[in-house]
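Below is one structure; the comments refer to it alone.
Just so you know, residue 1 is the first one in the sequence shown, and it goes up from there.
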Amino acid sequence: MSEAIEPFEIQISQDVLDDVAERLSRTRLPDQIQGSGWDYGTDRAYLQELCEYWRTKFDWRAQESRLNRFDHFRTQVDGQNLHFIHAPSKHEDALPILLIHGWPGSIFEFSKVIEPLSDPEAFGGSARDAFHVVCPSIPGYAFSGPTTQPGWNAGRVADAFAALMARLGYSCYGAQGGDWGGIITALLGERDPDHLAGIHMNLAIPVPPAGVANPMEMLTPEEAADVAAFGQFQKDGMGYFQLQSTRPQTLGYALNDSPAGLAAWLVEKFRAWSDCDGDVESRFSKDDLLTTIMIYWATGTINSSIRFYCESARAGSLGVPADRVDVPTAFAVFPREVFIAPRPWVESRFNVLRWTEMASGGHFAAFEEPELLVEDVRAFFRDLR
């Protein structure tokens, strides 16, 4: 691989598919307290059902074909392989936009929004809202392959994505993301402001403004409740975060070796973080869940993807940028997001021009509510082109 941009096709070896089926046939599930459901973590009965579907019914080749309808490419940036989907609009004056995933996501979660953004007329939109879409795999994730050196943190990825857009010839672009994608998008606003038309995020870290004696006094009762909910999430929902930020390698051995273990680790997040009221398949089909899981499994990147937490923690790039971001900014607030940052705190750190409170949806915005996200992105960038 070189700095040249080369076409890429997703094509997982049959040996990998045969191996995962064989491993699933030998799954050794642990015990579970009777009637406990999801109280202690992923429910045993659901995991058993999901893994049996994976072994006997899941069609990876169909999902592979579904992903390959997009044009994929790979290049090398800062010594690291970088995979991306590139979907230029037929309209030459379209605005380039980066769509940046998070964890435990991948480029797959944007599969419902890429075409409506690049070809809006085919989806009931207007040509004036067309985008040239660039959707990269974070280095260390999926088809970018594992990172091979230390230091691949959120800031370094932001720099790599800015370099990618320059290499594609895009001197002015927008960026959108949630989860790590939101943090990377914010860091792009700090590090590459001269080339950004605007940034759109669906997650921000609730960091109070600097120099304010009592930042809680800035908040409405509803916003204060959001901060309290974030505190509760830190107590009982961030065990994964502490482990992945400190000892990712130890966890990586288990997740890289057991497909059932990997499925348990990831599906719990899709259930807990989405607007599904405890029924994960009301938002994601088994095929959706297993395609996401299989992308990590087949590429052998679960270890490097969780190591990204540790690298970012060590670099101090887990939250908002150190300096205020003056790039035009939009936030889409989905009600079942894992935590919601108070608007006054966000506005103290970003040049917020648009703030949209959605009626439904959770952490996986592009996956759960693609139409709502597409419309909000179109509306925000309409006046920034």
Validation: residues 264-273 side-chain donor-acceptor distances under 3.5 Å, sequence neighbours left out:
| residue | atom | partner | partner atom | Å |
| --- | --- | --- | --- | --- |
| W265 | NE1 | Q244 | OE1 | 2.9 |
| K269 | NZ | W265 | O | 3.3 |
| R271 | NE | G278 | O | 3.1 |

Please output the side-chain donor-acceptor pairs of residues 152-170 that fall under 3.5 Å, not counting sequence neighbours, one pair per line with the distance.
| residue | atom | partner | partner atom | Å |
| --- | --- | --- | --- | --- |
| N153 | OD1 | G155 | N | 3.0 |
| N153 | OD1 | R156 | N | 3.0 |
| N153 | ND2 | G151 | O | 3.0 |
| R156 | NE | D78 | OD2 | 2.7 |
| R156 | NH1 | P150 | O | 3.2 |
| R156 | NH2 | D78 | OD2 | 3.2 |
| R156 | NH2 | Q149 | OE1 | 2.4 |
| D159 | OD1 | R191 | NH1 | 3.2 |
| D159 | OD2 | R191 | NH1 | 2.8 |
| R167 | NH1 | E3 | O | 3.2 |
| R167 | NH1 | T75 | OG1 | 2.7 |
| R167 | NH1 | Q76 | O | 2.7 |
| R167 | NH2 | Q76 | O | 3.4 |
| Y170 | OH | H86 | NE2 | 2.8 |

Run the side-chain donor-acceptor check on residues 7-17: report pairs under 3.5 Å with partners two or more places apart or on a different chain.
| residue | atom | partner | partner atom | Å |
| --- | --- | --- | --- | --- |
| S13 | OG | D15 | N | 3.1 |
| Q14 | OE1 | R61 | NH2 | 3.3 |
| Q14 | NE2 | D18 | OD1 | 2.9 |

Can E49 and K286 be said to form a salt bridge (charged side-chain N to carboxylate O under 4.0 Å, His left out), step by step? CA-CA 10 Å; E49 176 186 328; K286 284 186 174 70; 2.7 Å; yes
Can you list the steps and then say if E115 with R69 is a salt bridge (charged side-chain N to carboxylate O under 4.0 Å, His left out)? CA-CA 11 Å; E115 290 154 321; R69 77 182 189 273; 3.1 Å; yes
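Counting side-chain heavy-atom gaps under 4.5 Å among Ile, Leu, Val, Met, Phe, Trp and Tyr, the cluster of I33 also holds Y40.
Looking only at distances, a side-chain donor or acceptor of S282 sits under 3.5 Å from a matching main-chain atom of D279.
Residues F284 and L372 are members of separate hydrophobic clusters, defined by side-chain heavy-atom contacts under 4.5 angstrom among Ile, Leu, Val, Met, Phe, Trp and Tyr.
With contacts defined as side-chain heavy-atom distances shorter than 4.5 Å, the pair V227/W345 qualifies. Side-chain contact between P259 and W54: present, with at least one pair of heavy atoms (C-beta onward) separated by less than 4.5 Å. Between F380 and P328 the shortest side-chain heavy-atom distance falls below 4.5 Å.
The pair D257-R23 counts as a salt bridge, with a side-chain nitrogen and a carboxylate oxygen less than 4.0 angstrom apart. A salt bridge is defined here as a Lys NZ or Arg NE, NH1 or NH2 lying under 4.0 Å from an Asp or Glu carboxylate O, and E368 with R283 meets this definition. Using a 4.0 Å cut-off between charged nitrogen and carboxylate oxygen, E375 and R382 count as a salt-bridge pair. The existence of a salt bridge linking R336 and D277 is confirmed by a sub-4.0 Å separation between a basic side-chain nitrogen and an acidic carboxylate oxygen. Taking the charged nitrogens against the carboxylate oxygens, R55 and D19 have no contact shorter than 4.0 Å, which rules out a salt bridge. Classification of D326 and R324 as a salt-bridged pair holds, one side-chain N sitting under 4.0 Å from a carboxylate O.
A ring-centre distance under 6.0 Å is found for H101 and Y141.
For Y173, the side chain to side chain donor-acceptor pair (under 3.5 Å) partners two or more places apart in sequence, or in a different chain, are D192. Qualifying salt bridge (charged side-chain N to carboxylate O under 4.0 Å, His left out) partners for R354, counting only residues two or more places apart in sequence or in other chains: D376.
Side-chain contact annotation: Q80 with T147, donor-acceptor N/O pair under 3.5 Å absent. Between E281 and Y46, the side chains place a donor N or O and an acceptor N or O closer than 3.5 Å (distance only, hydrogens not considered). In summary, the side chains of D236 and Q232 do present a donor paired with an acceptor at a separation below 3.5 Å, with no hydrogens or angles considered. Using modelled atom types and a 3.5 Å distance limit, the side chains of N303 and Y253 yield no donor-acceptor pair.
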